[in-house]
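Following: one structure in structure tokens, then a few remarks.
We name chains A, B, ... by the order of the sequence lines, and we start the count at 1 in each one.
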Protein chains: 2
Amino acid sequence: MPTPARTSLEQIVKAGRDIVETDGIDGLTMQSVAARVGVRAPSLYKRLHGRNELLRLVANDAAAELTRDLESAADGKDARRDLASLASTFRRFAHANPGAYSLIFAPLPDDARADAGWSVRASAPVIDTTERLAGTDHALEAARTVVAWANGFIAMELAGAFRLGGDVDRAFDYGIDRLGVAIDTGAVTHARATRRS
Amino acid sequence: MPTPARTSLEQIVKAGRDIVETDGIDGLTMQSVAARVGVRAPSLYKRLHGRNELLRLVANDAAAELTRDLESAADGKDARRDLASLASTFRRFAHANPGAYSLIFAPLPDDARADAGWSVRASAPVIDTTERLAGTDHALEAARTVVAWANGFIAMELAGAFRLGGDVDRAFDYGIDRLGVAIDTGAVTHARATRRS
DNA sequence: ACCTGAACACCGTTCAAGT
DNA sequence: ACCTGAACACCGTTCAAGT
């Protein structure tokens, strides 16, 4: 006698997104997800191969959302503004979804990581923008510089690693401004003009 | 009848350093450390309060080593060279001790984190150098920009997040060069001179 | 004073049995 | 076809008992 399905992959992933925010990656267990969708842990194995696939599906779901955000962050008018807008979008997503954010970038086994395709798609608007600033030859390196910085800044922020006081928001604004200048091949920086700013 | 000690905190921390490199943070368990020092897991509670303290002691040990490395990386002659040297030291430590590195910067509970004192000491040579480049007013923000970038770059590198090909070493060199220019208030960048380099 | 086995409450995962 | 309890091998942690 067939039994009607009591849950679905979609529900499971949604539950996973919720749990990773409240209890972190370690709290995202087969049992906690099962409990939230109203089944027992072994039943989840009907829909996924194990916890690593659960992590991967949740990471993919979050990566898709972040990618959508990034794809609508740049309007193509002012490259420096677009760069700042992309960085802010990144940070806003991390603040709104710290659990999912750390899941996307956590050093996990390959079968628990978000699909490579998302990384490629999410990179596109960033590379488009850095190409306008640094030129085709340096677009990829410049994109890596900006993403590494944004990612590192946010990771340290979320981990509470900024322990020396000071204004963290201002440090973020300072960073993206300086990076914009740094990778902008067309920019001419006059030391005297900015020294007292 | 007193029983002679069969291990020591020092031995335990050393074992922890070894295990975190071979098996990662998740592999750094009370049982794996106990087995390596030749006792049973409950015996470790004679010397530390639990796993979080074990993680903290191992993180402190690694942070002390990284701090020593950083303190001898800058010679005070050329600030831009010192900045590059500090970044390379950072990256070299991470490549040689990926497990310890990820432990130091992992988002863990407060009682499992390295002592704040190490973060302050390790920051000093970086802030000294950024102060020479960006001036007193922006030294801290500039240091945060550089550390966030280095940290983010290395984290993405260790996590295998650079999936778009290209030369990762070159991207690191590009990044530190551009950051040096970016925070160097005294630098005058002539677009035409660098555009074809 | 230190070490231990046993116990407890958790994990992920497998599987035979139930509907 | 889906769900379940029971089982197994792991965790961290506590504690009474052993030397």
Side-chain angles (χ1 to χ4, degrees), chain A residues 1-59 99 102-103 106-113, chain B residues 1-59 99 102-103 106-113:
Chain A
M1 269 299 176
T3 308
R6 230 165 280 182
T7 183
S8 65
L9 247 192
E10 199 185 347
Q11 244 192 84
I12 290 168
V13 171
K14 185 134 191 57
R17 283 290 301 266
D18 290 343
I19 290 170
V20 81
E21 297 308 336
T22 53
D23 302 326
I25 297 177
D26 289 348
L28 185 49
T29 68
M30 296 296 276
Q31 311 207 15
S32 65
V33 170
R36 184 173 270 250
V37 300
V39 298
R40 300 287 186 167
S43 299
L44 298 179
Y45 289 80
K46 283 282 146 182
R47 318 202 188 277
L48 35 83
H49 291 103
R51 183 171 183 257
N52 280 353
E53 185 169 353
L54 172 65
L55 296 181
R56 189 169 62 77
L57 292 174
V58 175
S102 66
L103 181 60
L108 295 171
D110 275 353
D111 62 344
R113 305 273 309 287
Chain B
M1 270 297 177
T3 308
R6 230 166 279 182
T7 183
S8 66
L9 246 192
E10 200 187 346
Q11 245 191 84
I12 289 169
V13 172
K14 185 138 190 54
R17 283 289 300 266
D18 290 344
I19 290 170
V20 81
E21 296 309 334
T22 54
D23 302 325
I25 297 177
D26 288 346
L28 184 49
T29 67
M30 296 297 275
Q31 312 209 15
S32 66
V33 169
R36 185 174 269 249
V37 301
V39 298
R40 300 289 185 166
S43 300
L44 298 180
Y45 289 80
K46 282 282 146 181
R47 319 203 188 276
L48 34 82
H49 292 103
R51 183 171 183 254
N52 280 353
E53 184 169 353
L54 171 65
L55 296 182
R56 190 170 60 79
L57 293 174
V58 173
S102 66
L103 181 59
L108 296 170
D110 275 353
D111 62 344
R113 305 273 311 285

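Map A/P42 and A/K46 each onto its nearest nucleotide of DNA chain D; the residue landing nearer the 5' end is A/K46.
Separating the CG atom of A/L54 from the C1' atom of C/dC11 is a distance of 14 Å, rounded to the nearest angstrom. The separation between B/L48 atom CG and C/dC3 atom P is 12 Å, rounded to whole Å. Following rounding to the nearest Å, B/Y45 (OH) and C/dG5 (P) show an atom-to-atom distance of 16 Å. One can place CG of B/L9 at 14 Å from C1' of C/dC2, the figure rounded to the nearest angstrom. A straight line from CG of B/D26 to P of D/dA9 spans 22 Å, rounded to a whole angstrom. The distance between atom CG of B/L44 and atom P of D/dT14, rounded to the nearest whole Å, is 13 Å. Rounded to whole Å, the distance from CG on A/L28 to P on C/dC10 is 18 Å. One can place CZ of A/R40 at 15 Å from P of D/dA7, the figure rounded to the nearest angstrom.
Note: A/K46 NZ to A/L9 CG = 13.5 Å, rounded to the nearest 0.5 Å. One distance of note links CG of B/L28 with CG of B/L103; it measures 7.0 Å at 0.5 Å rounding. Within the model, atoms CD1 of A/I19 and OG1 of A/T29 stand 7.0 Å from one another, a figure rounded to the nearest 0.5 Å. Annotation: the span from B/T7 atom OG1 to B/R47 atom CZ amounts to 6.0 Å, rounded to 0.5 Å.
Between A/D111 and A/R56 there is no salt bridge, since no side-chain N of the basic residue sits under 4.0 Å from a carboxylate O of the acidic one.
In this structure, D/dG5 forms a base pair with C/dC15, meeting either the Watson-Crick or the G-U wobble geometry with both donor-acceptor distances under 3.5 Å. The nucleotide D/dC10 finds no pairing partner, because no Watson-Crick or G-U wobble arrangement with both distances shorter than 3.5 Å includes it.
Here C/dT13 is the nucleotide among C/dT4, D/dT14, C/dT13 with the atom lying nearest to any side-chain atom of A/M30. Between C/dC3, D/dC3, D/dG12, one nucleotide has an atom nearer to the side chain of B/Q31 than all others, and that is D/dG12. Considering only the side chain of A/R51, C/dG12 comes nearest among D/dT13, C/dG12, C/dC2. Listed nucleotides D/dC3, D/dG12, C/dT4 differ in distance to A/T3; the shortest reach to its side chain belongs to D/dC3.
Contact annotation for B/T29: backbone-only contact, meaning every heavy-atom pair under 4.0 Å involves sugar-phosphate atoms and none involves a base.
Residue B/S43 places at least one side-chain N or O under 4.0 Å from the OP1 or OP2 atom of C/dT4. The phosphate of C/dT4 has OP1 or OP2 within less than 4.0 Å of a side-chain N or O from B/R6.
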